[in-house]
There are 2 protein chains.
Amino acid sequence: MQHEFDFDGADEQGSEISTVHQFALKPFLARLLRHSRLSLEEHTAILNLKGRVARANIHHDIVSSGRAISHACLIVQGVVGRFDQIADGHRQITALHLPGDICNLHSVVWPDAWLGLEALSATTVLLIPIVELRALAAIHPAIALAFWLDTTVDASICAKWVSKLGRGDARGRLAHLLCELGVRMEQAGLATRTEFPSMIAQAQIADALGLSIVHVNRTMQSLKRDGLIRKRGHMILVDDWERLSTIAEFDPHFLLIAVSDETGKSEKVTPR
Amino acid sequence: MQHEFDFDGADEQGSEISTVHQFALKPFLARLLRHSRLSLEEHTAILNLKGRVARANIHHDIVSSGRAISHACLIVQGVVGRFDQIADGHRQITALHLPGDICNLHSVVWPDAWLGLEALSATTVLLIPIVELRALAAIHPAIALAFWLDTTVDASICAKWVSKLGRGDARGRLAHLLCELGVRMEQAGLATRTEFPSMIAQAQIADALGLSIVHVNRTMQSLKRDGLIRKRGHMILVDDWERLSTIAEFDPHFLLIAVSDETGKSEKVTPR
DNA sequence: CGGCGGTTTGACCTTCCTCAACTTCTGTGG
DNA sequence: CCACAGAAGTTGAGGAAGGTCAAACCGCCG
């Protein structure tokens, strides 16, 4: 039984599994329910998914490019980056994934990995066999659509990144990433958009923004100098969300928020 | 009945429609079959889709951002660009779509348009009501998966663009785009990868690559000077595919080619 | 023939990269 | 509790890639 995984030792206990499953699958279900409406039967079908808990240390590859995928990777804790390897040794991060995300859900329809997944912090994941997810999608068409929509969110974020990398200077890119992370953490119930943990290092921000480490550092300082953000311990505080999102030209539409407005946000997307 | 469309006059005739439908839907079906296996019943279900033919002149928006989507847009002729509008008036193209593509298939699961679609050349499209596609997906689970996989291809291309825009100089980006277009046109049966029409202007290439027009021009000349490409009329000739794809670091994996190898390409993806 | 969209060229300037050193933080073992 | 090593963050100087502006040029079509 091969793992496409660098996990450090046997850390799965019979008793731990069920609790971790609850802990892991509920946020994922919540993420799906932000966009899709599922029946109670479908809820339980998702919550009953089986998987193997594994941990990855920072900088370890969860999936190396070029290998076939047998398991989807549901993040329990930590941050995972999808990356593309460049010939000169550099990496470009093409997507960031937070707890509650399945970072390779698209593998349900295309289980070949031309991409890589790297733990950007100490990470706990639940490895769910692709075949189980595919079976679930086959039995419950609504779940198939929910999965598809979930990957559409990722695609939408990816398109926004293209836009930011193509047009947009270092300040705009960094500001946008901070806004995006803040809102996504808030959505996931992990923090607020104006106060969230800075979970990844500047080198990794650089790989995400297509900048050098040095320039990320200077740009970060420039945002601090202007009173937009601040750091307290490992927390990033956004002191002026208005100005930061203006610099970023941040329009949360691209996160495909809303539909079922359980969060009671006053400003919501209205599909006419 | 509102159109989200700038089409120039009443150009749909009863007699024309059926032939255009054949002409339009067959390449789309072929595109799906490149990745997915569908039953004969599903084939005909797709070929029997109804839509309205419309034309868009170059530079006309097919879908403006911020409007709701009621129709999916199957390209019959021409090139369509997905773009994101930037505050300073610039545009960043986030995806290019060729004949046979439905350029907003994701609207089946998320019919809200935060993006825009622009005709990058004189374009003929078939506007298919989203509700019909959704119904099709509901009735035929295999079609739902095929649609999902089709949007996954787009997402995969998008991720590659992020990688190229983030790390990669002008030469690499342009070379990669030329390789991508060549292979995609070849897949679509429109041309070969070493000789294909240059359907879009340098200004639009600039908007896709995140470069200035001037720099695209100079980079193009530099590729010509090195004997990699040539122009004959409106055709782009790739004289040295090897060297061009090396410069581009072009690895066709990201196009998610293969599965059913009808093209007889010797080098194919082998999911281990 | 004139005009328009697309392409080409040159000069100058900004942004960001590279390299290399240095500092601060963090965790680990003595 | 300190010492140390490794990782992360910070700083400065010089250089390269690409942007901006402005002007010409070309082919196409009315």
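Because the structure is predicted, anything quoted here is derived from the model rather than measured. Throughout, a chain's letter reflects where its sequence line sits, starting with A, and its residues are numbered from 1.
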Quiz item: To the nearest Å, how far apart are A/N217 CG and D/dT10 P?
Solution: 4 Å
Between the protein and nucleotides 4-7 of chain D, list every N/O to N/O distance that falls short of 3.5 Å.
none

Quiz prompt | Charged N-O contact under 4.0 Å between B/K164 and B/D251 | solution = no
Quiz item: Among all residues two or more places apart in sequence or in another chain, which pass the side-chain contact (heavy atoms from CB on, under 4.5 Å) test with B/Q221?
Solution: B/N217, B/R225
Quiz item: Nucleotide by nucleotide, 5' to 3', does protein get under 4.0 Å of the base (B), only the sugar-phosphate (S), or neither (-) in nucleotides 16-21 of chain D, counting heavy atoms?
Solution: --BSBB
Quiz item: Can you name the ring-ring contact (aromatic ring centres under 6.0 Å, His included) partners of A/H176, sequence neighbours left out?
Solution: A/F250, A/F254
Quiz item: How does each nucleotide of nucleotides 23-30 of chain D score, in 5' to 3' order, for protein heavy atoms under 4.0 Å: base (B), sugar-phosphate only (S), or none (-)?
Solution: --------
Quiz item: Does anything in residues 94-107 of chain B pair up under salt bridge (Lys or Arg N to Asp or Glu O under 4.0 Å), and if so which pairs, sequence neighbours excluded?
Solution: B/R31-B/D101, B/D101-B/R184
Self-check item: Test item: side-chain donor near acceptor, A/W161 and A/T94, under 3.5 Å
Solution: no
Quiz item: Which two nucleotides bound the region of DNA chain C that has atoms under 4.0 Å from heavy atoms of chain A, read 5' to 3'?
Solution: C/dC16 to C/dT26
Self-check item: B/D240: partners by side-chain contact (heavy atoms from CB on, under 4.5 Å), with sequence neighbours left out
Solution: B/L228, B/E242, B/R243
Self-check item: Point-to-point distance, once rounded to the nearest 0.5 Å, from CG of B/L120 to CZ of B/R82
Solution: 12.5 Å
Practice problem: Using side-chain contact (heavy atoms from CB on, under 4.5 Å) as the criterion, list what pairs up with A/R173, not counting sequence neighbours. | Solution: A/L165, A/L209, A/L211
Self-check item: Pair A/S222, A/R171: side-chain N/O donor-acceptor within cut-off below 3.5 Å
Solution: yes
Quiz item: Partners of B/A72 by side-chain contact (heavy atoms from CB on, under 4.5 Å), sequence neighbours excluded?
Solution: B/I102, B/N104, B/I130, B/L133
Self-check item: Partner set under ring-ring contact (aromatic ring centres under 6.0 Å, His included) for B/F196, not counting sequence neighbours
Solution: none
Quiz item: Which residue pairs pass the salt bridge (Lys or Arg N to Asp or Glu O under 4.0 Å) test when at least one of the two sits in residues 196-220 of chain A, sequence neighbours left out?
Solution: A/D207-B/R167
